[in-house]
Amino acid sequence: MNDTKKMGRPRTFDGRQALMAAMNVFWAKGYDGASLKDLTKAMGISGPSMYAAFGDKRELFLKTIDLYGDVDGCAPIVVFEGEPDIRLAVKGFLEEVIVYATAHESGAKGCFLASSVSASIGEVDGVKERVEKAIDDTDRRLAARFDLEKEKKVLPQTFPSLERARLLYDIRQGYMFRGRAGWTAEAMRQDLDDRVSMILA
């Protein structure tokens with residue numbers, strides 16, 4: 001048998017870039033509002049190519065959720081983990097969140113998980129588990145950084161790492177919601193220092 005025929009034609013598109021394009025469509029229109037025509041047009045591929053590479057609409061949606069967790073959702077955490085000074089780390093985390101809430105390169109505002117994905121929980125199989133995992137993973141990573149500061153004796157041993165991690169994440173979601181509602185970055189930054197003090201108090 002001819003191996004070339006078995007392998008088929010090679011893909012002529014960037015899979016990651018196509019997923020990003022699909023994510024932006026879901027982000028703007030929601031799961032139900034995003035048609036296959038919308039998705040394939042944004043991805044720059046045909047319907048059969050989409051099915052071959054990503055599966056059906058549901059599978060594509062789940063893959064965009066995973067991608068968001070790997071790319072956009074983690075950017076503030078990378079800042080938080082990389083800044084040596086804990087106060088600057090918290091402030092940098094929130095600054096990055098504000099940027100994503102108001103000036104995302106896709107033109108979408110707010111958090112993809114909160115503003116689009118969460119609306120499909122209970123309607124699209126696999127979404128609930130992914131959202132829960134994204135929240136739990138974020139809580140753990142943020143708490144781990146606070147625990148490190150406790151080991152260094154920068155924060156007191158009584159500092160409630162997990163509780164403050166959850167509070168920081170909840171503030172993040174609040175910023176995302178405000179961005180979706182049209183708040184500017186300047187407006188959100190007005191009480192930024194107070195929020196940092198609240199987290200570290």
Side-chain angles (χ1 to χ4, degrees), residues 16 19-20 23-24 26-28 64-119 121 127-201:
R16 189 180 184 83
L19 269 182
M20 288 289 288
M23 182 186 76
N24 291 335
F26 284 127
W27 198 336
T64 65
I65 297 172
D66 294 338
L67 178 68
Y68 183 77
D70 291 339
V71 183
D72 284 355
C74 286
I77 303 176
V78 170
V79 172
F80 182 67
E81 292 174 333
E83 168 56 54
D85 182 285
I86 188 59
R87 185 175 184 85
L88 293 179
V90 173
K91 188 171 184 177
F93 175 93
L94 294 176
E95 285 275 12
E96 188 71 19
V97 168
I98 290 172
V99 170
Y100 271 81
T102 60
H104 192 275
E105 62 183 13
S106 70
K109 293 182 178 179
C111 172
F112 179 50
L113 297 183
S115 64
S116 178
V117 174
S118 61
I121 292 177
V127 170
K128 181 175 183 291
E129 294 79 6
R130 279 170 167 79
V131 172
E132 288 177 345
K133 183 178 185 303
I135 294 172
D136 289 343
D137 287 350
T138 300
D139 286 345
R140 282 196 297 270
R141 287 182 68 174
L142 297 175
R145 175 61 200 280
F146 288 134
D147 284 340
L148 178 62
E149 297 301 317
K150 289 164 70 173
E151 292 174 10
K152 293 159 53 179
K153 303 191 184 307
V154 173
L155 293 175
Q157 293 304 303
T158 55
F159 186 85
S161 297
L162 183 57
E163 289 80 359
R164 295 300 168 80
R166 289 171 176 165
L167 178 59
L168 183 57
Y169 187 80
D170 290 345
I171 291 174
R172 171 192 184 276
Q173 294 306 99
Y175 277 138
M176 290 296 190
F177 181 74
R178 291 176 190 274
R180 188 79 170 180
W183 281 49
T184 65
E186 290 73 23
M188 291 190 211
R189 291 191 182 103
Q190 287 182 1
D191 59 355
L192 189 60
D193 289 332
D194 289 338
R195 291 177 184 241
V196 173
S197 296
M198 183 193 308
I199 293 293
L200 296 176

Q: Could you give the distance from CG (L167) to CG (L162), rounded to the nearest 0.5 Å?
A: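 Result: 11.5 Å between the selected atoms.
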
Q: Over all heavy atoms of both residues, which pair between Y175 and A101 is shortest? Give the atoms and the distance, please.
A: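 Heavy atoms of Y175 and A101 come nearest at O-CB, 3.6 Å.
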
Q: How are the rings of F146 and F80 set relative to one another: parallel (under 30°), tilted (30 to 60°) or perpendicular (over 60°)?
A: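 The arrangement is perpendicular - the two ring planes meet at more than 60°.
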
Q: I'd like to know whether K133 forms a side-chain contact (heavy atoms from CB on, under 4.5 Å) with D136, so could you lay out the CA-CA distance, the side-chain angles of the two residues, the decisive distance to 0.1 Å, and finally the verdict.
A: CA-CA 5 Å; K133 183 178 185 303; D136 289 343; 5.7 Å; no

Q: Out of curiosity, Y169 OH to I135 CD1, how far, rounded to the nearest 0.5 Å?
A: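 Between atom OH of Y169 and atom CD1 of I135 there are 5.0 Å.
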
Q: Answer whether the closest heavy-atom distance between the side chains of F112 and V117 falls below 4.5 Å.
A: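 Counting from C-beta outward, F112 and V117 do come under 4.5 Å.
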
Q: So, does R164 use its side chain to make a donor-acceptor pair with the main chain of A201 at under 3.5 Å?
A: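 Yes; judged by distance alone, with no hydrogens or angles, the pair exists.
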
Q: For the residue pair K150 and Q157, what are the closest heavy atoms and their distance?
A: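 Heavy-atom minimum between the residues: O-NE2, 2.8 Å.
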
Q: Below 4.5 Å, heavy atoms only, C-beta onward: do V131 and K128 meet side chain to side chain?
A: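 The answer is no; the side chains never approach within 4.5 Å.
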
Q: Does NZ in K153 sit with more than 12 non-hydrogen atoms of other residues, nucleotides or ligands closer than 6.0 Å?
A: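 No, not enclosed.
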
Q: Give, for atom CD of Q173 and atom CG of L168, the distance between the pair rounded to the nearest 0.5 Å.
A: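 The CD atom of Q173 sits 10.5 Å away from the CG atom of L168.
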
Q: CE/M188 to CZ/R195 distance, rounded to the nearest 0.5 angstrom?
A: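 If we round to the nearest 0.5 Å, M188:CE and R195:CZ are 9.5 Å apart.
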
Q: Between D137 and R140, does at least one N-O distance fall below 4.0 Å, as a salt bridge requires?
A: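 Between R140 and D137 there is a salt bridge, with a charged N closer than 4.0 Å to a carboxylate O.
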
Q: How long is the span from the CD1 atom in I65 to the CG atom in L19, to the nearest 0.5 Å?
A: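 If I round to the nearest 0.5 Å, the distance is 11.5 Å.
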
Q: For E81, what residues pass the side-chain hydrogen bond (donor to acceptor under 3.5 Å, both in side chains) criterion, not counting sequence neighbours?
A: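 R141.
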
Q: Show me, pair by pair, the donor-acceptor contacts under 3.5 angstrom made by side chains of residues 86-96, not counting sequence neighbours?
A:
from: R87; atom 1: NH2; to: S197; atom 2: OG; distance (Å): 3.0
from: K91; atom 1: NZ; to: D193; atom 2: OD1; distance (Å): 3.0
from: E95; atom 1: OE1; to: R189; atom 2: NE; distance (Å): 2.8

Q: Could you report the tightest heavy-atom contact between A143 and A165, atom names first, then the distance?
A: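 Between these two residues, the closest heavy atoms are N-CB, 3.5 Å.
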
Q: Using the side-chain hydrogen bond (donor to acceptor under 3.5 Å, both in side chains) criterion, which residues pair with E163? Sequence neighbours excluded.
A: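 Applying side-chain hydrogen bond (donor to acceptor under 3.5 Å, both in side chains) to E163 gives none.
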
Q: Rounded to the nearest 0.5 Å, what separation is found between the CD atom of Q190 and the CD atom of E186?
A: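 The distance works out to 9.0 Å.
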
